[in-house]
Amino acid sequence: MTSFPDVPAFTGFNKPSRVEADVQDLNLRGTIPPELDGAFYRVQPEHQFPPKLGNDIAFNGDGMISMFRFKDGKVDYRQRWAKTDKWKLENAAGRAVFGAYRNPLTDDEEVKGKIRGTANTNAYIHGGRLYALKEDSPALVMDPASLETFGYTDFDGKMRGETFSAHPKTDPVTGNLCSFGYASKGVLTRDMTYYEIDRDGNLLFDIWFETPYYCMMHDFAITPDYALFTVMGMTSNWDRLKAGKPHFGFDTSLPSYLAVVPRKAGTSAEDIRWFTGPSCFTAHVMNAFQDGTKIHLDLPVAANNMMPFFPDINDAPFDPVAGATYLTRWTVDMAQNAEEYQSQRLSDMIGEFPRYDDRYCGQNYRYGWLVVIDPSQPVELKGGSAGGWVMNTLGMVDHQTGKEQKWWCGPVSSIQEPCFIPRSPDAAEGDGWIVMVCNRLEERGSELLLFEATNIEQGPIATIDIPVRLRFGLHGNWANAMDVPALEAA
Ligand code: V55
Ligand code: FE
């Protein structure tokens, strides 16, 4: 097979790109603050070969990592494949030998039992190491300067589960990398693990427990004392995989849960408190914090499924209105015996891909940013939508004043997840910049935009031309050069 299918996921703006690149001193308009010294890493799914089964979802593409190195007012660009075991096996075969998303029954016989991960969801720096992450597999370690792939890690044999989340968090108090895995004992298992890893890469302890039912456990939150997990009706089972259905399907009959897990070695399943709520959809979290005995968790919540490619299990048609996500605060009081979490909407913007100033992870915080779908703006998808969703606006919330800001990217463009960069390590919360990819659909090109973080409505202060079209991307992170020895040495 030599050609990609003639479907929206692989045509127009989404035509395969598959480009590794090294370009020094990108063309730009505006000014890059000279004190910016570090790199913005981000990842996009990009199928190395046409999908084995003819068509595929973006979430099953191979990870392609971009690095934008900011220094002395200039930006250098590097892009490399995350060379997973899957990537290497397929590269050697010259074609796709792994099949559908999270369905090992669709793989070629000779790769049965191999790690299926694509490393396509997050590019995360901790302890000077770069991890390329996909939630169905271990963490892939890469060189943060050359973007060469080292391979999967099991943290010196201490990671006993099979999976590592794409959404780890760095606790600003301890410096530990806090992460988890689900389907920890294999595909579709209800087993979960929570892990903490110190700055030197030592896995300190794990906590094992089971969820009430198997579900997509995409993100989580931490506070100084707790790890918080949301369970919602995006579920699966072997019958679905045997029937060749999409891995996940949304079951509106399932209640949602909020699990509160004490973040300490020796915690057992009985120490975990499970709060319930009505059926809803959650994926990412913004942040969480403790206030006395109360715990607040801020996250986009939709009344029903927001992912059309993982359809309703009873084939109910996708409902974009019920699938709209709104930033919401879930609250529990650990001093009370309530069985349910309380829920309060924080914003009327339709928003996902929530971010904040990561130095406030787990702490009471003021500012959040997110990708907003603003239906009041005109849309002209010349060249095709870049993600399937019309992500046309950058939004900001100020939890202290309740004020919001928006910046619209125009009718023929779409944006990707924003990332906050502090002006200096000890700058006040929100004092810094937002860096964000913007796709110009008609020009079939991409830009990297830099904003003053608390004044996004004035528009970008710098626009950097990316010489390669960047496709639909997931998550990215900023790292100061001083925190990444390999960058300083390069
Ligand atoms: C998500 C993304 C994934 C995935 C599971 O946004 C969940 C949610 C890019 O891959 O595999
Ligand atoms: Fe994510």
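Positions are given from 1 along the sequence. Order of listing sets the numbers, starting from 1, for every ligand and every atom in it. Quantities reported herein were computed from a predicted structural model and do not represent experimental measurements.
Looking only at side-chain heavy atoms (C-beta outward), Tyr152 and Ser137 come within less than 4.5 Å of each other.
With no hydrogens or angles considered, a side-chain donor-acceptor pair links Arg355 and Asn477 at under 3.5 Å. No side-chain donor-acceptor contact under 3.5 Å links Tyr257 and Thr211.
Checked by atom type and distance alone, the side chain of Glu90 pairs as donor or acceptor with a backbone atom of Val97 at under 3.5 Å. At distances below 3.5 Å, not a single donor-acceptor pair connects side-chain atoms of Ser414 with backbone N or O atoms of Val390. Using modelled atom types, one side-chain atom of Asp219 and one backbone atom of Val285 make a donor-acceptor pair closer than 3.5 Å.
Screening the protein for N, O or S atoms under 2.8 Å from the Fe ion (ligand 2) yields 4; no waters enter the count.
Distance check, rounded to the nearest 0.5 Å: OG1 of Thr163 to NZ of Lys134 gives 12.5 Å. Once rounded to the nearest 0.5 Å, the distance linking CZ of Phe281 with OG1 of Thr230 reads 9.0 Å. Annotation: the span from Arg263 atom CZ to Asp171 atom CG amounts to 4.0 Å, rounded to 0.5 Å.
Enumerated by chain and number, the residues approaching ligand 1 to less than 4.0 Å through a heavy atom are Phe59, Tyr101, Asn120, Thr121, Lys134, Glu135, Met216, His218, His284, Met307, Leu474.
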